[in-house]
Amino acid sequence: MKRFLLAILTVACAISVWAWKPIFIGHRGSYMGVMNTVEAYNNGVDHYGYQGLECDVRVTADGYYVISHDETTNSVGGNLTVANATLAELQAETYTQTRGGVTYTGHICTVAEYLDICAEKNVTPVIELKWTTGINNNDMSKFPGLAALIEEKGLTDKAIILTSMRNSLEYVRTNYPALKCQFLCNSNWSTHFDWIVQWGLTPSIEAGCFDIYTVKKFHDKGLEVAVWTVNSLANYNLYGNMGVAMMTCDYLMPSDMPELQDINWDAIVEPMEPLQVVVDTVFSYTREKGNLPANFPSGLDADASPYKSAQQAAITTDGTFYANNYTTSKLVILKPDGTLTEAPGTSSHGICFDSAGNLIQRNDGVTSTPNKLIIYPNGDINAEPVEVDFELDEAGQTNFISAIGDVMSEDGGYVYHYQNGRSYITLVKIVNGEFDGVEMTDGVSFAGSTAGVIYPIDNDPYHFVYQVRNQGYYLYNGTDKGKYIPGSLNTTTPNSNSSVGGAYFELDGHEMFLYTSGSNYNGGFSIRDMSAEATAVATIPPMGTGGYYANPSVGSFFRVVPERGKSVMVYEYTMGNGYAAYRVHTPDYTPIDNINVDTPRPHDNNYYDLMGRMMNGNNLPAGIYIHNGKKIIIK
């Protein structure tokens, strides 16, 4: 597997790249035991290996410090109000709680017992102050007794006082400067930023309420950031790669978490202002409009079309779409004028173009061994295909493939396989049309499924967005970086939905990402400006409703082709609904209106293909090019 190096030598000097993990804190002890009980605290260290334990402090009617998240014990099967009950009354209750399918029993834990566990196991006590008698914003008369207890147990230099009560934190900071303090907050961190800095606090921010720019803002003031609560590999990667120093967890296993790459804070720049974009429809053939080709692959059981079960995905070049019908081994070709033809295909899922326009198809059934690909150089389906045999490291059905580079060149290219059940992505390297090896990424946040897709970035094989249907979009850039598109999965735009489909592109100096939104499987999409804190800048409604009822459909498939600096073409195919093309551009974009039929001039090499690459004007194959600001057809 590709592993990041702990030291990278350059010509001039050595640059250290540090592998690290945040500090893990057991939330109310851990998930193994009734929350905030001795069992939960012991298991937080003995089973999970947490380096700290969090508790919730309250004061009983007879002045003892005990641990209870709520004012009452009702949530764990008791019926007492802590502030009105004596310690003896509370200790007489038996608590029960079912967590992870296991029912636990326990009793109330005193702060003294909790601190003994922290001292014995040499872990950090994270003591959350709840609003209770003598410990609140208006009255801190009971805190000196708590501070004395912490000192008695020899933990003053390790303990952290955590609370959302500002006055209480100012009191602790002023009177007990040896105690570390954290401000418990959510998205309100921004309104308290200056105060947090003034008092030298660590913000402990709720997951989902901040980004890497938040962490940098505190980092620039010499302050670390903590996060609560993190319980998945995906969120570990997300917040770890933001540079969060401390994570509070219920059941995350620290030993299973990958090491993180140190962050170059100087390279984290402030986000840009969101780009204004306009989306124009160039053509649209949909079931709803009634203008689809007669045999459009619908996937609908009631459809008598021979193409009804055709490939879930389609790829496009110059506005022509190719969908492989794996049931009949025919390549269904959908043209910009709304007509449909066919050519020989394969009995497999999986079809893509690489960066150079070579058409690649899987040809191994349901990813059987040995694995096979066929390649049509330059996308010429009338040419003799090149066959490539290889073997994946581990078998796993792969319905969707993507590729970068030029698999027919000496530099070569890569074909991505995100195998079902595998928690990594496989890169098949092909050079000069021949198999050149298999590489694998480090672990990713989710195991692949039959609906796992890779969306390449910047022609860098280890920089891409990956997606598993129903799981969202995640970023990989040398290592897993966690969630890429913010928000929950639902059909309210501009949130991403549960369908697959996406594309990374750049427009006028901004990094953009297009993804499925609106009703599932029906062709709607939104665009976010990733250079502007992932702000949504455009939403296109679904094509109709046919995709939802198309049995093999899993989403929509897009290709983005640069035109000039201020515009791109977006091609979309949605099984059961239709196919379309859109021009996405800035408001100041000047359209290319003139289309000339020309032949290349002998000494003029300033021709560009529709991918934006400069071409040799002396030897151009037939096609469409940009020349002197005009679109040119070479016949």
Side-chain angles (χ1 to χ4, degrees), residues 310-318 320-334 341-393 395-419 425-440 453-454 456 459-461 464 557 559 561 609-611 613 615-616 619-623 634:
Q311 171 65 303
Q312 300 148 310
I315 58 174
T316 181
T317 180
D318 294 335
T320 297
F321 293 76
Y322 301 85
N324 186 57
N325 187 335
Y326 50 85
T327 61
T328 61
S329 299
K330 296 292 185 182
L331 197 62
V332 180
I333 303 169
L334 306 164
T341 59
E342 64 179 32
T346 72
S347 60
S348 303
H349 295 267
I351 183 170
C352 68
F353 281 112
D354 67 8
S355 307
N358 299 300
L359 193 156
I360 304 168
Q361 287 187 263
R362 276 191 37 230
N363 193 26
D364 50 9
V366 187
T367 326
S368 57
T369 302
N371 306 108
K372 293 179 181 291
L373 296 171
I374 61 171
I375 304 169
Y376 290 98
N378 299 315
D380 184 357
I381 60 173
N382 296 312
E384 185 70 23
V386 175
E387 297 186 1
V388 179
D389 291 351
F390 62 97
E391 192 162 327
L392 295 172
D393 182 69
Q397 186 173 343
T398 309
N399 285 4
F400 306 107
I401 59 174
S402 52
I404 63 165
D406 183 351
V407 297
M408 298 303 297
S409 73
E410 291 186 3
D411 292 332
Y414 293 86
V415 181
Y416 294 99
H417 288 68
Y418 193 0
Q419 298 115 284
I425 285 91
T426 301
L427 292 81
V428 177
K429 189 171 185 181
I430 300 174
V431 177
N432 290 325
E434 297 181 352
F435 172 63
D436 193 59
V438 170
E439 301 176 16
M440 290 171 288
V453 191
I454 306 300
N459 217 27
D460 176 350
F464 52 82
F557 294 84
R559 189 181 187 193
V561 179
D609 67 9
L610 294 183
M611 295 288 287
R613 298 168 298 195
M615 308 292 289
N616 184 347
N619 188 27
L620 285 174
I634 304 298

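The figures that follow rest on heavy atoms only: side chains count, while hydrogens, waters and symmetry mates do not.
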Which heavy atom of [X] sits nearest a heavy atom of [Y], and at what distance?
{"X": "V453", "Y": "Y418", "value": "N-CD2, 3.9 Å"}
{"X": "G433", "Y": "V388", "value": "O-CG2, 3.4 Å"}
{"X": "V386", "Y": "P377", "value": "CG2-CG, 4.2 Å"}
{"X": "A403", "Y": "P456", "value": "O-CG, 4.1 Å"}

Would you give the length of the straight line joining atom [atom1] of [X] to atom [atom2] of [Y], rounded to the nearest 0.5 angstrom?
{"X": "E384", "Y": "I375", "atom1": "CD", "atom2": "CD1", "result": "13.0 Å"}
{"X": "S347", "Y": "Q361", "atom1": "OG", "atom2": "CD", "result": "10.0 Å"}
{"X": "Y376", "Y": "N358", "atom1": "OH", "atom2": "CG", "result": "13.0 Å"}
{"X": "E391", "Y": "D364", "atom1": "CD", "atom2": "CG", "result": "11.0 Å"}
{"X": "R559", "Y": "F321", "atom1": "CZ", "atom2": "CZ", "result": "10.5 Å"}
{"X": "Y414", "Y": "N459", "atom1": "OH", "atom2": "CG", "result": "10.5 Å"}

Determine yes or no for a side-chain-to-main-chain donor-acceptor pair under 3.5 angstrom, with [X] supplying the side chain and [Y] the backbone.
{"X": "N371", "Y": "L392", "result": "yes"}
{"X": "N363", "Y": "I374", "result": "no"}
{"X": "Y326", "Y": "G350", "result": "no"}
{"X": "R362", "Y": "T398", "result": "yes"}

Taking the side chain as every heavy atom from C-beta outward, state whether [X] and [Y] have any atom pair closer than 4.5 Å.
{"X": "T426", "Y": "D393", "answer": "no"}
{"X": "L331", "Y": "I351", "answer": "yes"}
{"X": "D389", "Y": "F435", "answer": "no"}
{"X": "Y322", "Y": "I381", "answer": "yes"}
{"X": "L373", "Y": "I401", "answer": "yes"}
{"X": "N432", "Y": "E410", "answer": "yes"}

Legend entry - Y416 and L427: CA distance, side-chain angles, deciding distance, side chain to side chain contact (heavy atoms under 4.5 Å, CB included) verdict: CA-CA 5 Å; Y416 294 99; L427 292 81; 3.8 Å; yes
Legend entry - E434, CD: over 12 other non-hydrogen atoms inside 6.0 angstrom: no
Inset, instruction - Using the side chain to side chain donor-acceptor pair (under 3.5 Å) rule, take T346 and N324 through it: C-alpha gap first, then chi angles, then the decisive distance, then the call. - result: CA-CA 7 Å; T346 72; N324 186 57; 3.3 Å; yes
Legend entry - Criterion side-chain contact (heavy atoms from CB on, under 4.5 Å) against D354, the qualifying member of I430, I404, I360: I360
